[in-house]
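I have placed the structure first, in the form of structure tokens, so that the comments after it can refer back to it.
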Amino acid sequence: MSVALQSGSVAGEAAPTAGVASRAADFPILSRRVRGKRLVYLDNAATTQKPESVIDAEARYYRESNANIHRGVHWLSQHSTDLYEESRERVRALLNAQRSDEIVFTRGTTEAVNLVANSWARSNLKPGDEILVTTMEHHSNIVPWQLACAQTGAVLRVAPIGDGGALDLDAFDAMLGARTRLVAVAHVSNALGTVNPVARLVQRAHAVGAMVLVDGAQAVAHTAVDVQSIGCDFYAFSGHKVYGPTGVGALYGRYDLLQAMPPWQGGGDMIRTVAFEASTWADAPQRFEAGTPNIAGVVALGAAIDYLREVGIERIAAHEHALLAYGTRALESIPGLRLIGTAPGKAGILSFTIDGIHPHDLGTILDTEGVAIRAGHHCTMPLMKRFGIPGTARASLALYNDESDVDALAAAIRRAQDLFDGR
């Protein structure tokens with residue numbers, strides 16, 4: 001696993017990697033001003049900004065290549081199909097899947113999880129079976145399983161976390177058993193930055209015969225991901241969190257599992273034959289890609305992956321790791337600030353509360369300074385309940401952030417405190 005997702009120590013850290021943050025010039029939106037101030041974009045866990053190459057790839061597709069895929073015999077359709085399938089190969093390489101037909105394009109992580117819940121879970125679960133998640137999961141890795149349990153009679157169980165935000169591994173192990181059929185776990189917590197030891201969790205789950213789905217939405221842009229090394233059965237991520245467009249993402253699934261799973265949506269391009277009496281399905285992954293997909297988005301996702309590889313995922317990881325340490329020191333020096341999520345293994349997320357200031361108020365005041373953060377429960381209401389708070393302010397890092405962004409964040413927080421102290 002990459003260095004950015006390892007140590008939570010902040011003492012004696014090296015400066016962020018030279019040259020990585022300078023790639024901010026590749027992102028047109030970062031040159032604009034907000035409320036008369038330089039834009040300091042620290043809401044990357046919600047969505048990353050897009051480099052010029054990704055924007056150009058999507059526009060170029062519509063200018064030069066637009067046609068429907070897979071079913072056309074004319075040149076433009078075949079060309080468009082080639083571009084679409086080349087992006088599938090790029091995703092395969094990004095995740096180190098064994099074969100490209102283990103990659104299903106979706107609208108994002110949420111749809112990918114729902115696909116598994118509606119297809120694999122509803123086909124395989126029976127009353128009394130158990131799905132195990134953790135307290136830190138995003139709503140999109142909770143609610144689909146609740147719906148599947150309601151339809152199958154399975155039971156949702158929740159592994160606890162410690163006060164620092166790390167998964168309680170002993171409790172997790174104790175909750176695994178003969179009835180556990182599926183473990184669904186975040187690779188990286190979107191609200192805490194906690195990095196789960198997913199390879200270990202997969203090994204323990206497989207030992208009791210359970211399948212594992214990993215929610216990789218917060219991991220793929222920040223560290224090298226190898227699904228074969230992790231050993232998971234499913235892995236999901238979203239394009240818009242990896243410098244690609246919104247409305248596109250991918251599900252990795254072991255091919256034997258995908259081939260055994262029924263489709264969850266019907267329509268064009270997912271069938272082999274159709275008759276009024278019955279229909280038969282295409283092989284995976286096409287059986288899960290009903291209708292006309294977001295072709296331009298898939299092509300642009302391929303461009304985003306190319307960009308990641310050009311910059312270098314290891315360089316990005318090292319840069320963000322050092323910047324996280326710098327940011328942790330900066331925020332810890334602010335009186336009245338409490339960091340939420342201090343696990344030893346962390347990614348580039350700084351989630352915090354300020355004495356006497358509601359996170360929403362803080363986010364609004366920071367916006368007047370041009371600093372964009374996220375404030376609220378971050379689609380993790382059960383996690384917020386675990387910490388006894390309504391929500392947090394969250395600053396999340398990306399390759400184009402640097403120390404000046406963290407300094408601007410800290411200065412804006414202090415100005416907010418001054419405003420509230422003087423009211």
Side-chain angles (χ1 to χ4, degrees), residues 5 45-46 106 108-118 120-121 125 129-150 154-169 171-176 180-202 204-205 210-220 222 225 230 232-238 241 249 251-252 340-341 343 345-347 349 351 374 376-392 394 396:
L5 302 187
T106 67
T109 306
T110 297
E111 185 171 84
V113 175
N114 275 276
L115 189 164
V116 178
N118 280 274
W120 183 88
L125 297 180
D129 286 344
E130 295 177 354
I131 299 173
L132 180 59
V133 299
T134 78
T135 304
M136 70 183 77
E137 300 308 317
H138 190 280
H139 294 168
S140 63
N141 203 26
I142 299 173
V143 177
W145 309 121
Q146 291 175 327
L147 295 172
C149 287
V155 178
L156 187 69
R157 303 192 68 198
V158 184
I161 64 173
D163 292 340
L167 180 63
D168 185 332
L169 296 175
F172 176 88
D173 289 345
M175 295 179 77
L176 291 170
T180 311
R181 299 296 309 282
L182 178 73
V183 172
V185 61
H187 194 161
V188 176
S189 165
N190 73 302
L192 304 175
T194 301
V195 181
N196 283 312
V198 287
R200 178 197 184 279
L201 303 183
V202 169
R204 298 301 179 95
M211 299 293 178
V212 181
L213 178 143
V214 177
D215 170 358
Q218 299 296 335
V220 173
H222 309 287
V225 172
I230 293 170
C232 55
D233 304 288
F234 302 102
Y235 194 100
F237 75 96
S238 299
K241 297 181 191 293
L251 171 72
Y252 156 79
I340 307 295
K346 263 194 75 170
I349 288 174
S351 203
R374 183 68 41 160
H377 55 66
H378 316 300
C379 291
T380 58
M381 293 177 74
L383 177 64
M384 297 297 118
K385 183 178 180 181
R386 158 66 177 80
F387 285 101
I389 54 178
T392 69
R394 182 188 70 189
S396 46

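Predicted, not measured: the structure shown is a model, and the values here were computed from it.
- Considering only heavy atoms from C-beta on, H139 comes within 4.5 Å of P382 through its side chain.
- Every residue two or more places apart in sequence or in another chain that forms a side-chain contact (heavy atoms from CB on, under 4.5 Å) with A121 is listed here: L125, W145, A148.
- In this structure a side-chain-to-backbone donor-acceptor pair under 3.5 Å is present from K241 to A45.
- Summarising the geometry of S140 relative to V113, their closest heavy-atom pair is O-CG1, 3.3 Å, with the distance given to 0.1 Å.
- We find the OG1-CG distance between T109 and L251 to be 9.5 Å, quoted to the nearest 0.5 Å.
- Separating the CG atom in D215 from the CZ atom in F234 is a distance of 14.0 Å, to the nearest 0.5 Å.
- Under the rule for a side chain to side chain donor-acceptor pair (under 3.5 Å), N114 has no partner lying at least two apart in sequence or in another chain.
- Here CD of E130 is found 9.5 Å from SG of C149. Values are rounded to the nearest 0.5 Å.
- Shortest non-hydrogen contact noted between A219 and V188 is CB-CG2, 3.9 Å.
- Pairs passing the salt bridge (Lys or Arg N to Asp or Glu O under 4.0 Å) check and including a residue from residues 138-150, sequence neighbours excluded, do not occur.
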Open item on the list: Test side-chain contact (heavy atoms from CB on, under 4.5 Å) on V155 and R157; report intermediate values, then the result.
Closed with: CA-CA 6 Å; V155 178; R157 303 192 68 198; 4.3 Å; yes
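- Qualifying side-chain contact (heavy atoms from CB on, under 4.5 Å) partners for E137, counting only residues two or more places apart in sequence or in other chains: V133, T134, N141, I142, V185, A186.
- In terms of the ring-ring contact (aromatic ring centres under 6.0 Å, His included) criterion, H138 has no residue partners (sequence neighbours excluded).
- Side chains of M211 and V183 form no contact here, defined as non-hydrogen atoms less than 4.5 Å apart.
- Looking only at distances, no side-chain donor or acceptor of H377 sits under 3.5 Å from a matching main-chain atom of P390.
- Considering only heavy atoms from C-beta on, E111 stays 4.5 Å or farther from S238 through its side chain.
- By the side chain to side chain donor-acceptor pair (under 3.5 Å) test, D233 is found to be paired with H206, R254, residues two or more places apart in sequence or in another chain being considered.
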- [ ] Please report the C-alpha distance between L132 and L182 in whole Å, then the side-chain angles of each, then the deciding distance to 0.1 Å, and finally whether the side-chain contact (heavy atoms from CB on, under 4.5 Å) criterion is met.
- [x] CA-CA 6 Å; L132 180 59; L182 178 73; over 6 Å; no
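- With sequence neighbours excluded, the residues forming a side-chain contact (heavy atoms from CB on, under 4.5 Å) with R386 are T135, I161, D163, listed by chain and number.
- Between Y252 and V225 the shortest side-chain heavy-atom distance does not fall below 4.5 Å.
- Taking CD of Q146 as the reference point, atom CD1 of I131 lies at 10.0 Å (rounded to 0.5 Å).
- Annotation: the span from R394 atom CZ to L192 atom CG amounts to 10.0 Å, rounded to 0.5 Å.
- For K346 (side chain) and I349 (main-chain N/O), a donor-acceptor pair under 3.5 Å exists by modelled atom type.
- Remark: Y235 pairs with H187 by the side chain to side chain donor-acceptor pair (under 3.5 Å) rule, at least two apart or across chains.
- By the salt bridge (Lys or Arg N to Asp or Glu O under 4.0 Å) test, D168 is found to be paired with no residue, residues two or more places apart in sequence or in another chain being considered.
- The two residues A159 and F172 come nearest to each other via the heavy atoms CB-CD1, 4.1 Å.
- V212 is not listed as a side-chain neighbour of L201, based on a closest heavy-atom distance of 4.5 Å or more.
- Legend: residues meeting side-chain contact (heavy atoms from CB on, under 4.5 Å) with A191, ordered by chain and number and at least two apart, are S189, H378, T380, L383, M384.
- Atoms CH2 and CZ, on W120 and R181 in that order, are 5.0 Å from each other to the nearest 0.5 Å.
- Side-chain contact check for N196 versus M136: some heavy-atom pair is nearer than 4.5 Å.
- Partners of T194 according to the side chain to side chain donor-acceptor pair (under 3.5 Å) rule, which considers only residues two or more places apart in sequence or in another chain, do not exist here.
- Contact of the H222 side chain with the V195 side chain is not registered, since no non-hydrogen atoms from C-beta on lie closer than 4.5 Å.
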